[in-house]
Number of protein chains: 2
Amino acid sequence: MAGRVQNPRPTLEMVAAAAGVSRGTASRVLSGATNVSPAAVEAVHKAAAELRYRPNLSARSLVTGRTGLVGLVVNESNDHLFSDPYFAEVARGAHDALSEADVAMVLTLAGDARERDRLIELAALRLDGLLVIHGHSDVELVRGIERMHIPAVFSGRVPITGTSTVWYVDADNRGGARAATEHLLARGCRRVVTITGPRDMAAGHDRHLGWLDAVTDAGLPSSDDHVAVGDFSTDSGRAAMTRLLAAMPDLDGVYVANDLMAFGAIAVLAEHGRSVPGDVAVVGFDDVEAARTSNPPLTTVSQPMAGIGRRMAELLLQQLADPELDPVHEVLPTTLVVRDSA
Amino acid sequence: MAGRVQNPRPTLEMVAAAAGVSRGTASRVLSGATNVSPAAVEAVHKAAAELRYRPNLSARSLVTGRTGLVGLVVNESNDHLFSDPYFAEVARGAHDALSEADVAMVLTLAGDARERDRLIELAALRLDGLLVIHGHSDVELVRGIERMHIPAVFSGRVPITGTSTVWYVDADNRGGARAATEHLLARGCRRVVTITGPRDMAAGHDRHLGWLDAVTDAGLPSSDDHVAVGDFSTDSGRAAMTRLLAAMPDLDGVYVANDLMAFGAIAVLAEHGRSVPGDVAVVGFDDVEAARTSNPPLTTVSQPMAGIGRRMAELLLQQLADPELDPVHEVLPTTLVVRDSA
DNA sequence: CTGAAAGCGCTTACAG
DNA sequence: CTGAAAGCGCTTACAG
């Protein structure tokens with residue numbers, strides 16, 4: 001009685017019978033093969049629709065060797081991770097692109113060693129490929145994934161050592177930082193400092209270089225007292241701004257490597273009686289939601305987060321189609337969004 | 001040449017051959033059956049280890065009818081969703097429990113109609129069950145899932161209509177709110193008001209009832225001017241507190257249905273020159289990270305978020321084991337965390 | 001263009 | 001306790 005309640009799911013066999021063709025022909029029609037007669041195509045589609053046929057994916061996987069499953073790997077300790085809009089948007093972009101290809105996304109945490117082991121097991125057992133949201137640089141994770149010889153695409157530049165096979169998609173952090181700094185210069189700023197991110201994060205490093213590009217090109221100084229290192233948190237932005245102000249009281253422009261730190265910096269400037277952008281112009285990076293409503297609304301650099309996720313998915317699909325492809329490193333453009341802070 | 005590089009994955013057949021038993025026996029050993037001789041058990045395990053055997057899950061699924069895949073369904077517009085620690089923690093708890101059972105979690109967005117359709121398709125095709133993080137009440141989603149007749153467990157109380165088959169795990173919102181309010185009463189508060197959440201969210205509703213339980217039991221009034229409705233945002237907490245203060249200037253205790261609104265309320269109290277907890281005591285709900293470092297540190301109600309996720313997973317696993325089980329509604333205890341605001 | 005057949009790698013009654 | 005065999009639902013050469 002139990003288990004007999006539901007009608008059994010129709011199989012290809014039943015569709016073929018209803019269409020008056022063989023199972024092989026039905027399969028060919030449903031997989032979109034071209035060498036099939038129009039009559040057969042029509043009959044099979046009609047039968048499939050009438051029976052509400054859905055293929056058994058396990059059976060298909062058994063013969064194709066593909067699972068149609070891709071892992072979304074995340075190496076952040078999860079508290080951070082989920083509260084990061086970067087993660088959410090990249091995941092959504094990837095999810096969209098994969099759905100269109102009928103590939104599903106398995107959420108895979110890889111924050112600690114135990115989780116990393118599980119990931120490796122899971123990947124070996126049932127994943128066709130990996131999409132890695134790579135927040136903090138995690139050399140062990142990168143190495144582990146390379147060793148598995150599984151198709152993978154990382155988000156964010158992965159420092160390439162030797163003959164690495166890593167694929168990645170990144171935003172143009174360096175170009176965006178340069179554009180932000182050049183915007184400050186164009187407004188007439190001449191003592192332009194920067195608050196950077198942690199040196200071990202590729203994004204932090206690249207955004208620092210962009211600032212350097214711009215000030216160097218303009219023939220302006222870039223000595224150590226022009227630079228304060230933060231950790232991308234608002235508090236660290238406050239501390240960094242305080243230090244910069246002490247070292248160079250007459251600074252007139254600040255390029256900050258992310259919006260959160262920019263908010264901290266602006267708060268400190270206000271406390272010191274400096275108006276923004278009147279006395280000091282400030283540009284951030286990320287274009288988080290709050291940038292639009294902060295006081296003043298923040299001029300910042302926007303990166304195409306969902307686009308990064310989508311592109312990662314597309315590149316992974318390419319790898320799946322041809323495992324012999326050479327690694328691709330793709331850099332997506334960023335956009336300066338001018339508001340009131342600079 | 002390509003594709004021939006890797007050694008072919010060992011199959012059960014090869015393990016059986018190496019162990020000198022039949023494929024059937026090897027299968028029985030590996031699936032932990034008891035009716036096997038100790039000698040066979042040892043030989044098979046040894047062979048499997050030596051060959052680094054991993055079962056082909058598609059083949060297994062084809063015969064068992066199970067995929068070993070569970071969907072994590074999320075109905076929030078994703079911006080919110082990911083920045084919500086509730087989501088992150090519930091997901092992590094569920095992930096842990098499922099991993100232990102070798103079940104993987106497929107991330108499934110169901111924010112709009114298109115995504116909802118994809119979910120239904122995906123579930124029909126490849127999921128054994130669903131874990132639904134049910135933020136805003138979404139009747140359509142609940143109905144859609146019930147219609148699919150797929151094992152599912154919701155987070156958060158789902159209003160049950162008629163002969164619903166919904167399973168859910170919730171925190172004891174009502175009990176927690178009652179405890180919070182009783183704490184205010186115990187400190188001597190006598191004019192105790194509340195800021196509630198949206199009426200259409202079960203959590204908001206239940207937390208309001210808990211406040212009502214406590215003040216009613218204490219013989220205190222609970223008229224409309226004791227209640228202000230917010231939307232769980234800090235700003236709405238500010239607005240609500242402003243209204244309450246206008247309606248009842250001599251209030252001395254506030255139970256707020258979440259921490260974010262409590263922060264807003266405390267800010268307004270400070271602006272009105274009321275000290276917390278000296279003039280007005282305040283209790284929140286959620287125990288978010290910031291509650292520990294706010295000024296003053298917030299007394300609040302903590303709910304076992306990861307525990308909810310874990311329990312959801314366990315209940316889903318039970319359903320998978322026996323689809324005929326009656327729906328379970330489980331309520332997990334909350335804890336009052338006393339800090340400085342009350 | 002199409003059918004018959006083999007085979008993907010497992011699990012599970014069925015005999016013994 | 002164990003082996004031989006059937007079968008899960010597909011895809012894909014292979015002939016024709």
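Order of the sequence lines sets the chain letters (A, B, ...), proteins ahead of strands, with each chain counted from 1. Below, all heavy atoms of this structure are taken into account, side chains as well, without hydrogens, waters or symmetry copies.
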In whole Å, I'd like the distance from the CG atom of B:L62 to the P atom of C:dC8.
14 Å

What is the distance from atom OG of B:S37 to atom CZ of B:R28, rounded to the nearest 0.5 Å?
10.5 Å

Counting only side-chain nitrogens and oxygens, does B:S22 get under 4.0 Å of the OP1 or OP2 atom of D:dA4?
no

Phosphate-side-chain proximity, A:S37 and C:dT2, N/O vs OP1/OP2 below 4.0 Å:
yes

In whole angstroms, the gap separating C1' of C:dT12 from CZ of B:R66 amounts to 15 Å

Relative to the 5' end of DNA chain D, which residue comes earlier, B:V63 or B:V21, by the nucleotide with the nearest heavy atom?
B:V21

Between the side-chain atoms of B:R9 and the base atoms of C:dG9, is any donor-acceptor pair under 3.5 Å?
no

Under 3.5 Å for both donor-acceptor distances, Watson-Crick or wobble: does C:dA13 have a partner, and if so which one?
none

Is B:E115 salt-bridged to B:R118, going by a charged N under 4.0 Å from an acidic O?
no

Looking at B:E42 and B:K46, is any side-chain nitrogen of the basic one under 4.0 Å from a carboxylate oxygen of the acidic one?
no

Would you state whether a donor and an acceptor, one from the side chain of A:R23 and one from the base of D:dT11, lie under 3.5 Å apart?
yes

Nearest-Å distance, CD (B:E13) to P (D:dA5)?
13 Å

Atom CG of B:L12 to atom P of C:dG9: distance rounded to whole Å?
11 Å

Are B:E100 and B:R310 close enough for a salt bridge, meaning some N to O gap below 4.0 Å?
yes

Determine the contact category for A:S27: base if any of its heavy atoms lies under 4.0 Å from a base atom, sugar-phosphate if only primed atoms, P, OP1 or OP2 are that close, otherwise nothing.
base

Let me know the distance between CZ of B:R28 and P of D:dC1, rounded to the nearest Å.
11 Å

Could you check how far CG of B:N56 sits from C1' of C:dC8, rounded to whole Å?
8 Å

Would you mind reading off the distance between B:L57 atom CG and C:dG9 atom P, rounded to a whole angstrom?
14 Å

Can you tell me which nucleotide in C:dT2, D:dC10, C:dC8 comes closest to the side chain of A:T11?
D:dC10

Is B:R143 salt-bridged to B:E146, cutoff N-O under 4.0 Å?
no

Report the nucleotide, chosen from C:dG9, D:dT2, C:dG3, that has the shortest atom-to-atom distance to any side-chain atom of B:A40.
D:dT2

A:N35 near the nucleic acid: base, sugar-phosphate alone, or nothing, with a heavy-atom cut-off under 4.0 Å?
base

What is the distance, rounded to the nearest whole Å, between atom CG of A:L125 and atom C1' of C:dC10?
13 Å

So which nucleotide does D:dA4 pair with, by the Watson-Crick or G-U wobble rule with both distances under 3.5 Å?
none

